[in-house]
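To keep things clear, I will list the structure first and then write my remarks on it.
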Amino acid sequence: MATIKAVRGTRDLLPPETALWNHVEATARSVFARYGFGEIRTPLFEATELFARGVGEETDIVSKEMYTWEDRGRAESDRGQSLTLRPENTAGVVRAYIEHKLSDSGMLEKLFYIGPQFRRERPQRGRYRQFWQIGAEVLGPPWSGSDSALRDAEVLEMLATLLDELGIKGWRLALNSVGSADDRKRYSEALRQALAPVKHLMCEDNQRRAETNPLRVLDSKDPNDQEIINGLPKIADFLDEASREHFEQVKAALDACGVPYTVEPRLVRGLDYYTRTTFEFTVPDGSGLGTQNALLGGGRYDGLSEMLGGPRAPGIGFAIGEDRLILTLQAQAAEQEQKKLDAFIAPMGVGQNPGALRLARELRRAGLTVEVGDGNFRLKKSFEAADKLARKMVIFGEDEAATGILTVKDFSVGEQAKVPRTELVSFLKS
RNA sequence: GCGGCUAUAGUUCAGUGGCAGAACGCCGCUCUGUGGCAGCGGAUGUCGUGGGUUCGAACCCCACUAGCCGCCCCA
């Protein structure tokens with residue numbers, strides 16, 4: 001019979017790798033907590049319209065990468081509603097922000113999330129159809145200071161701290177400003193005009209973008225088109241005074257914190273909702289990501305809440321590709337040392353199994369990590385298993401059961417000791 | 001969605017038309033309270049799936065599926 005396998009672009013995460021995932025998530029939670037973020041969990045699927053309006057109809061994500069289906073609910077109102085597995089989480093967070101009237105507190109909201117997202121793309125290294133993102137959003141009514149450049153810098157500084165604490169080496173922060181919604185519109189129009197007479201010289205994709213979303217022409221890596229792209233108007237010349245000042249303040253705060261960055265005038269994120277600050281953290285070649293060298297991306301979205309029918313609520317956020325973060329850590333880490341158990345108990349003969357399990361219970365209740373062998377195992381087999389799994393092995397036979405003096409082998413030094421049961425916990429911890 | 005490469009044991013791979021292989025790992029024995037070394041022995045398997053060519057296919061051809069790499073795009 002044909003075996004059933006994980007579907008294309010999805011995968012199982014198994015031990016010991018899951019330990020690394022937990023470590024990454026625990027580190028992120030710890031850093032977020034220090035900056036005053038609370039966790040939000042939004043549904044894995046939402047109304048398709050949310051992404052169409054929030055992320056943008058013309059983005060690749062919405063136009064060709066979503067898992068969308070029609071609901072077959074029993075209620076008339078459910079039937080036929082178009083639903084979609086979330087391809088990213090910012091739109092969902094802002095939807096929840098509006099739905100629960102979080103802006104009524106007048107306070108800045110700082111929310112983080114960790115969870116799977118779904119995009120129907122061709123799988124590749126560091127790109128899966130179910131992938132995990134660790135993200136955070138800072139948003140609130142304008143009077144909460146949510147549009148302040150201080151928040152942009154704080155988020156970027158937090159990310160630098162997180163990557164440092166995780167031990168990511170050689171990360172690079174690329175920074176840009178795409179201005180206000182108006183600036184963006186004017187710039188977009190200027191690009192369209194500048195492209196009109198030359199676009200026929202460009203690749204097919206760029207010709208299409210020149211019409212639908214000229215900003216994304218800047219992202220193009222097509223080598224033949226670079227000359228034209230370099231000659232296009234620069235976004236910096238279209239920023240209004242307020243956006244220019246905002247960008248200057250972001251940079252000044254980063255300088256003050258000693259966070260290094262490079263201004264990339266052509267960094268225009270692909271999602272429609274971005275305004276002003278946009279950024280991306282990348283890692284050097286050879287960090288395990290192939291050409292997918294962006295670890296995380298994000299930016300400011302001052303108009304998103306209104307686009308979704310909510311109150312004015314400027315915000316800034318980011319999403320870390322957790323799968324890519326893990327790949328980078330695995331590539332950068334010298335052979336990840338596998339965590340060993342504190343002890344392996346080797347019962348000598350099946351008659352000792354009950355006593356051995358009881359001993360294991362005591363040790364586990366004392367907080368030790370313990371595996372129990374089996375009295376059926378020959379001693380040699382116990383040794384081999386114990387050496388793989390644990391730092392020490394406790395021999396539990398008739399003598400030990402009778403005298404309460406246990407024989408303990410320490411694999412790290414290869415020495416053996418007799419330890420009274422009352423001192424066993426502290427001996428094993430040492 | 002487009003292009004290239006690949007698919008053989010648990011793993012890494014060899015095998016280019018004639019008996020399905022190696023290394024590592026695994027299991028057993030030497031060896032029933034002291035392992036890691038060594039010696040001996042054992043099991044590895046729909047050769048990705050389906051079809052075709054051939055006396056004969058892991059090998060050649062076609063299709064499909066999956067994985068990897070790149071493009072597009074993005075985290």
Side-chain angles (χ1 to χ4, degrees), chain A residues 1-11 55-56 58-66 86-90 114-135 159 203-206 208-209 213 216-217 219-223 267-271 274 278-283 289-299 317-328 344 346-350 352 373 375-390 393-401 406-409 411 414-416:
Chain A
M1 203 195 309
T3 56
I4 299 173
K5 299 191 295 180
V7 305
R8 188 179 177 80
T10 71
R11 57 187 182 144
V55 178
E58 273 304 322
T59 61
D60 276 32
I61 293 178
V62 172
S63 64
K64 60 184 207 198
E65 294 171 2
M66 296 202 303
R86 62 185 191 193
E88 57 98 57
N89 217 337
T90 299
I114 297 175
Q117 319 292 337
F118 305 84
R119 286 182 206 169
R120 199 177 177 290
E121 298 177 283
R122 184 88 164 230
Q124 203 179 311
R125 186 174 192 80
R127 179 191 352 217
Y128 305 96
R129 289 182 167 186
Q130 175 174 337
F131 60 104
W132 270 260
Q133 286 190 333
I134 300 175
L159 283 166
C203 71
E204 209 174 298
D205 282 319
N206 279 334
R208 181 178 51 79
R209 291 183 193 132
N213 197 344
R216 302 234 316 282
V217 172
D219 262 339
S220 171
K221 283 173 217 145
D222 190 316
L267 177 69
V268 182
R269 314 250 73 235
L271 279 43
Y274 286 118
T278 57
F279 58 87
E280 183 171 278
F281 281 73
T282 56
V283 286
L289 292 186
T291 51
Q292 309 296 321
N293 69 338
L295 261 194
L296 69 94
F318 61 85
I320 302 171
E322 189 175 3
D323 306 79
R324 295 182 181 180
L325 192 59
I326 298 276
L327 281 171
T328 303
F344 182 97
M348 300 305 302
V350 285
Q352 303 303 328
N376 279 318
F377 292 174
R378 190 180 287 186
L379 188 59
K380 165 174 166 151
K381 180 166 170 165
S382 292
F383 265 111
E384 287 171 349
D387 197 17
K388 274 180 203 155
L389 293 173
M393 173 166 124
V394 178
I395 297 174
F396 189 81
E398 271 181 50
D399 298 351
E400 288 82 1
L406 295 147
T407 307
V408 182
K409 177 93 170 193
F411 292 117
E415 281 172 10
Q416 200 158 298

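Below, chains carry the letters A, B, ... as their sequence lines are ordered, and counting in each starts from 1.
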For A:E121 and B:rC71, give me the distance from atom CD to atom P, rounded to whole Å. 13 Å
For atom P, what is the distance between B:rC59 and B:rC26, given to the nearest Å? 33 Å
It should be established whether A:Q124 places a side-chain nitrogen or oxygen under 4.0 Å from OP1 or OP2 of nucleotide B:rG70. yes
For A:G9, which contact category applies under a 4.0 Å heavy-atom criterion: base, sugar-phosphate, or nothing? sugar-phosphate
Roughly how many Å apart are B:rG33 and B:rC27, using the C1' atom of each and rounding to a whole number? 23 Å
Has the side chain of A:K409 got a donor or acceptor atom sitting under 3.5 Å from an opposite partner on the base of B:rG35? yes
Counting Watson-Crick and G-U wobble pairs only, both distances under 3.5 Å, name the nucleotide matched with B:rC31, or none. none
Can you tell me how far the CG atom of A:L296 sits from the CZ atom of A:R324, to the nearest 0.5 Å? 10.5 Å
Roughly how far, to the nearest 0.5 Å, is the CZ atom of A:F344 from the CG atom of A:D387? 11.0 Å
Sugar-phosphate, base or nothing in reach of A:G397, heavy atoms under 4.0 Å: base
Just how far, in rounded Å, is P of B:rC74 from NZ of A:K64? 10 Å
Counting only Watson-Crick or G-U wobble pairs whose two distances fall under 3.5 Å, which nucleotide matches B:rA14? none
Suppose you measure atom P in B:rG48 against the same atom in B:rA20; what distance do you get, rounded to whole Å? 15 Å
Sugar-phosphate only, base, or nothing, as touched by A:F411 at under 4.0 Å among non-hydrogen atoms: base
Here's a test of your reading of the structure: between A:A6 and A:A319, which maps to the more 5' nucleotide of RNA chain B? A:A6
Within the structure shown, what part of the strands sits under 4.0 Å from A:G126 by heavy-atom distance: base, sugar-phosphate, or nothing? base
Does A:R378 contact B:rC29 through a side-chain donor or acceptor facing the base, at a distance under 3.5 Å? no
Whole Å only: how far is the CD atom of A:E398 from the C1' atom of B:rU32? 13 Å
Taken to the nearest whole Å, NZ/A:K381 to C1'/B:rC26 is 10 Å
Partner lookup for B:rG3, please. Criteria are Watson-Crick or G-U wobble with both distances under 3.5 angstrom; report none if nothing qualifies. B:rC69
Between CH2 on residue A:W132 and CG on residue A:L325, distance to nearest 0.5 Å: 14.5 Å
Which nucleotide in B:rG36, B:rA75, B:rC68 has an atom nearest any side-chain atom of A:F131: B:rA75
In whole angstrom, what separates A:L379's CG from B:rG33's C1'? 6 Å
Phosphate OP1/OP2 of B:rG1 contacted by A:R120 side-chain N/O (<4.0 Å): yes
Smallest heavy-atom separation, A:S382 atom then A:F377 atom, equals OG-CB, 3.6 Å
Please state how far atom CG in A:D387 lies from atom C1' in B:rC37, giving the value in whole angstrom units. 13 Å
Name the pairing partner of B:rU54, where a pair is Watson-Crick or G-U wobble with both distances under 3.5 Å, or state none. none
For A:M348 and A:D323, take the nucleotide of RNA chain B holding the closest heavy atom to each; which residue's nucleotide lies nearer the 5' end? A:M348
How many whole angstroms separate atom CD of A:E65 from atom P of B:rC71? 15 Å
P atoms of B:rC74 and B:rA58, separation to the nearest Å: 47 Å
Atom-pair distance (CZ on A:F377; P on B:rC26), nearest Å: 14 Å
B:rC37: pairing nucleotide in any strand, Watson-Crick or G-U under 3.5 angstrom: none
side-chain N/O A:R8 vs B:rA66 OP1/OP2, d < 4.0 Å: yes
How long is the span from the CD atom in A:E121 to the CD1 atom in A:I61, to the nearest 0.5 Å? 7.5 Å
With heavy-atom distances below 4.5 Å as the criterion, would you say the side chains of A:R122 and A:R8 are in contact? yes
Give, for atom CE of A:M348 and atom CG of A:L379, the distance between the pair rounded to the nearest 0.5 Å. 4.5 Å
N/O (side chain, A:R125) to phosphate O (OP1/OP2, B:rC69) under 4.0 Å: yes
Which value, in whole Å, describes the distance between the P atoms of nucleotides B:rU46 and B:rG21? 16 Å
Verdict with reasoning, A:K409 to A:I395, per side-chain contact (heavy atoms from CB on, under 4.5 Å): CA-CA 8 Å; A:K409 177 93 170 193; A:I395 297 174; 5.8 Å; no
Could you please name the option among B:rU34, B:rC26, B:rC68 that lies closest to any side-chain atom of A:T407? B:rU34
If B:rC74 has a Watson-Crick or G-U wobble mate with both distances under 3.5 Å, name it; if not, just say none. none
Does A:K380 make a side-chain N or O approach to OP1 or OP2 of B:rC37 shorter than 4.0 Å? no
Scan A:L325 against the nucleic acid and name what it touches under 4.0 Å (heavy atoms): base, sugar-phosphate only, or nothing. nothing
Are the side chains of A:V55 and A:M66 in touch, meaning some heavy atoms are under 4.5 Å apart? no
Among B:rG35, B:rC68, B:rA75, find the nucleotide with the atom closest to the side chain of A:R324. B:rA75
Could you tell me whether the side chain of A:E400 has a donor or acceptor atom within less than 3.5 Å of a complementary atom in the base of B:rG33? yes
Look at all strands and tell whether A:E322 reaches a base, only sugar-phosphate, or nothing, counting heavy atoms closer than 4.0 Å. nothing
Can you check the distance between B:rA43 and B:rC37, where both ends of the measurement are the P atom (answer in whole Å)? 23 Å
Rounded distance in Å between the C1' positions of B:rA75 and B:rC62: 39 Å
Nucleotide forming a Watson-Crick or wobble pair with B:rA63, both distances under 3.5 Å: B:rU49
Considering only the C1' atoms, how many Å lie between B:rU12 and B:rU6, rounded to the nearest integer? 15 Å
